[in-house]
Amino acid sequence: MPPAPTLRRPSEEAALAEKERTLVQPALQACDTAFLDAIRNDPYRYSLSQVPEQRPFSGPTLIVTGRQDTVTGYRDSWTLLDHYPRASFAVLDQAGHEWPLPEARQQHLFAALVSDWLDRVEQELIPVS
(Lines give C-alpha, C1' and ligand atoms only; values in the text may rest on other atoms or scores of the structure.)
Protein backbone atom coordinates (compact mmCIF):
# COMPACT_ATOMS: atom_id res chain seq x y z
CA MET A 1 0.00 0.00 0.00
CA PRO A 2 1.49 3.42 -0.94
CA PRO A 3 2.01 6.01 1.81
CA ALA A 4 -0.85 8.45 2.43
CA PRO A 5 -0.50 11.77 0.62
CA THR A 6 0.68 14.69 2.71
CA LEU A 7 -0.42 18.30 2.65
CA ARG A 8 2.91 19.52 3.99
CA ARG A 9 5.51 21.40 2.01
CA PRO A 10 8.94 19.77 1.50
CA SER A 11 10.44 22.24 4.01
CA GLU A 12 7.84 21.16 6.60
CA GLU A 13 8.58 17.49 5.94
CA ALA A 14 12.30 18.13 6.37
CA ALA A 15 11.73 20.03 9.65
CA LEU A 16 9.53 17.22 10.98
CA ALA A 17 12.07 14.56 9.98
CA GLU A 18 14.81 16.52 11.80
CA LYS A 19 12.58 16.87 14.86
CA GLU A 20 11.87 13.13 14.78
CA ARG A 21 15.60 12.35 14.60
CA THR A 22 16.83 14.84 17.21
CA LEU A 23 13.94 15.06 19.68
CA VAL A 24 11.37 12.29 19.35
CA GLN A 25 13.62 9.25 18.98
CA PRO A 26 15.93 10.18 21.90
CA ALA A 27 12.87 10.90 24.06
CA LEU A 28 11.32 7.54 23.20
CA GLN A 29 14.55 5.79 24.12
CA ALA A 30 14.75 7.60 27.47
CA CYS A 31 11.07 7.48 28.45
CA ASP A 32 9.51 5.62 31.36
CA THR A 33 7.54 2.95 29.49
CA ALA A 34 5.71 1.73 32.62
CA PHE A 35 4.35 5.24 33.18
CA LEU A 36 3.33 5.58 29.53
CA ASP A 37 1.63 2.18 29.64
CA ALA A 38 -0.45 3.39 32.61
CA ILE A 39 -1.58 6.39 30.54
CA ARG A 40 -2.35 4.18 27.54
CA ASN A 41 -4.44 1.88 29.75
CA ASP A 42 -6.55 4.78 31.10
CA PRO A 43 -6.52 7.51 28.40
CA TYR A 44 -9.67 9.25 29.65
CA ARG A 45 -7.99 10.07 32.93
CA TYR A 46 -5.69 12.45 31.02
CA SER A 47 -8.18 13.83 28.49
CA LEU A 48 -9.09 17.50 28.11
CA SER A 49 -12.69 16.69 28.95
CA GLN A 50 -11.74 16.81 32.62
CA VAL A 51 -11.48 20.26 34.20
CA PRO A 52 -8.05 20.61 35.80
CA GLU A 53 -9.03 22.80 38.75
CA GLN A 54 -11.99 22.53 41.10
CA ARG A 55 -13.18 26.06 40.28
CA PRO A 56 -12.70 28.42 37.32
CA PHE A 57 -9.25 29.95 36.97
CA SER A 58 -9.52 33.75 36.81
CA GLY A 59 -5.98 34.53 35.69
CA PRO A 60 -4.78 35.24 32.17
CA THR A 61 -4.75 32.07 30.10
CA LEU A 62 -3.65 31.19 26.57
CA ILE A 63 -4.96 28.14 24.72
CA VAL A 64 -3.37 27.49 21.32
CA THR A 65 -4.37 24.57 19.13
CA GLY A 66 -3.58 23.42 15.61
CA ARG A 67 -6.45 23.12 13.13
CA GLN A 68 -4.84 20.04 11.56
CA ASP A 69 -3.94 18.38 14.88
CA THR A 70 -4.71 14.72 14.25
CA VAL A 71 -3.40 13.65 17.67
CA THR A 72 -5.69 15.55 20.06
CA GLY A 73 -7.74 17.72 17.73
CA TYR A 74 -8.74 21.27 18.53
CA ARG A 75 -12.48 21.12 19.27
CA ASP A 76 -12.20 19.60 22.75
CA SER A 77 -10.11 22.55 23.90
CA TRP A 78 -13.01 24.90 23.15
CA THR A 79 -14.96 23.38 26.07
CA LEU A 80 -12.31 24.73 28.47
CA LEU A 81 -13.23 28.37 27.83
CA ASP A 82 -16.00 28.49 30.45
CA HIS A 83 -13.48 27.35 33.03
CA TYR A 84 -10.97 30.04 32.01
CA PRO A 85 -12.95 33.30 31.74
CA ARG A 86 -9.85 35.34 30.81
CA ALA A 87 -8.54 32.94 28.19
CA SER A 88 -7.45 33.83 24.71
CA PHE A 89 -8.16 30.94 22.36
CA ALA A 90 -6.43 30.53 19.01
CA VAL A 91 -6.71 27.82 16.39
CA LEU A 92 -3.78 28.04 13.97
CA ASP A 93 -4.49 26.90 10.43
CA GLN A 94 -1.86 24.71 8.81
CA ALA A 95 -0.64 23.67 12.25
CA GLY A 96 -0.73 20.17 13.66
CA HIS A 97 0.29 18.70 16.98
CA GLU A 98 4.00 19.10 16.33
CA TRP A 99 6.20 21.84 17.73
CA PRO A 100 8.06 23.91 16.79
CA LEU A 101 5.71 25.32 14.21
CA PRO A 102 7.12 24.74 10.74
CA GLU A 103 6.09 28.04 9.15
CA ALA A 104 7.81 31.32 10.02
CA ARG A 105 4.50 33.21 9.95
CA GLN A 106 3.04 30.73 12.45
CA GLN A 107 6.07 31.21 14.67
CA HIS A 108 5.52 34.98 14.58
CA LEU A 109 1.82 34.58 15.33
CA PHE A 110 2.55 32.19 18.19
CA ALA A 111 5.20 34.59 19.56
CA ALA A 112 2.68 37.45 19.43
CA LEU A 113 0.07 35.38 21.27
CA VAL A 114 2.56 34.40 23.98
CA SER A 115 3.82 37.99 24.26
CA ASP A 116 0.25 39.22 24.76
CA TRP A 117 -0.37 36.53 27.38
CA LEU A 118 2.85 37.43 29.23
CA ASP A 119 1.83 41.11 29.20
CA ARG A 120 -1.50 40.16 30.76
CA VAL A 121 0.23 38.00 33.38
CA GLU A 122 2.60 40.86 34.20
CA GLN A 123 -0.33 43.28 34.56
CA GLU A 124 -1.92 40.81 36.94
CA LEU A 125 1.25 40.62 39.05
CA ILE A 126 2.14 44.31 38.90
CA PRO A 127 -1.05 46.39 38.70
CA VAL A 128 -0.75 49.70 36.87
CA SER A 129 -1.40 52.64 39.22
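- Residues forming a salt bridge (Lys or Arg N to Asp or Glu O under 4.0 Å) with Arg75 (at least two apart in sequence, or on another chain): none.
- By the 4.5 Å heavy-atom criterion applied to side chains, Leu109 and Leu92 are counted as neighbours.
- Atom CD1 in Ile63 sits 7.0 Å away from atom OH in Tyr84 (nearest 0.5 Å).
- The minimum heavy-atom distance linking Pro60 with Arg86 is given by the pair CD-NH1, 3.6 Å.
- In the hydrophobic clustering of ILVMFWY residues, with side-chain heavy atoms under 4.5 Å counting as a link, Val71 and Leu36 come out apart.
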Before giving the answer on side chain to side chain donor-acceptor pair (under 3.5 Å), spell out for Arg120 and Ser88 the whole-Å C-alpha distance, their side-chain angles and the decisive distance to 0.1 Å.
-> CA-CA 11 Å; Arg120 293 185 294 132; Ser88 294; 3.2 Å; yes

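- For the atom pair CG (Asp116) and CG (Leu62), the distance works out to 8.0 Å, reported to the nearest 0.5 Å.
- When all heavy atoms are compared, the tightest approach of Pro85 to Phe57 is CD-O, 3.1 Å.
- Rounding to the nearest 0.5 angstrom, the gap separating the NE2 atom in His83 from the OG atom in Ser58 is 10.0 Å.
- One N or O on the side chain of Thr22 and one on the backbone of Glu18 form a donor-acceptor pair closer than 3.5 Å.
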Output side-chain donor-acceptor pairs under 3.5 Å for residues 27-34, partner residues at least two apart or in another chain, one line each.
from: Asp32; atom 1: OD1; to: Ala34; atom 2: N; distance (Å): 3.2
from: Asp32; atom 1: OD1; to: Phe35; atom 2: N; distance (Å): 3.2

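- If you check the side chains of Glu20 and Gln25, you find a donor sitting under 3.5 Å from an acceptor.
- Rounding to the nearest 0.5 Å gives a distance of 11.0 Å between CG of Asp69 and OH of Tyr74.
- Nearest approach of Val91 to Gly66, heavy atoms of both residues: CG1-C, 4.4 Å.
- Proximity of a side-chain donor or acceptor of Gln68 to a complementary backbone N or O of Gly96 within less than 3.5 Å is not detected.
- Between Leu113 and Val64 the shortest heavy-atom distance is CD1-CG2, 4.3 Å.
- Going from atom CH2 of Trp117 over to atom OG1 of Thr61 covers 8.5 Å, rounded to the nearest 0.5 Å.
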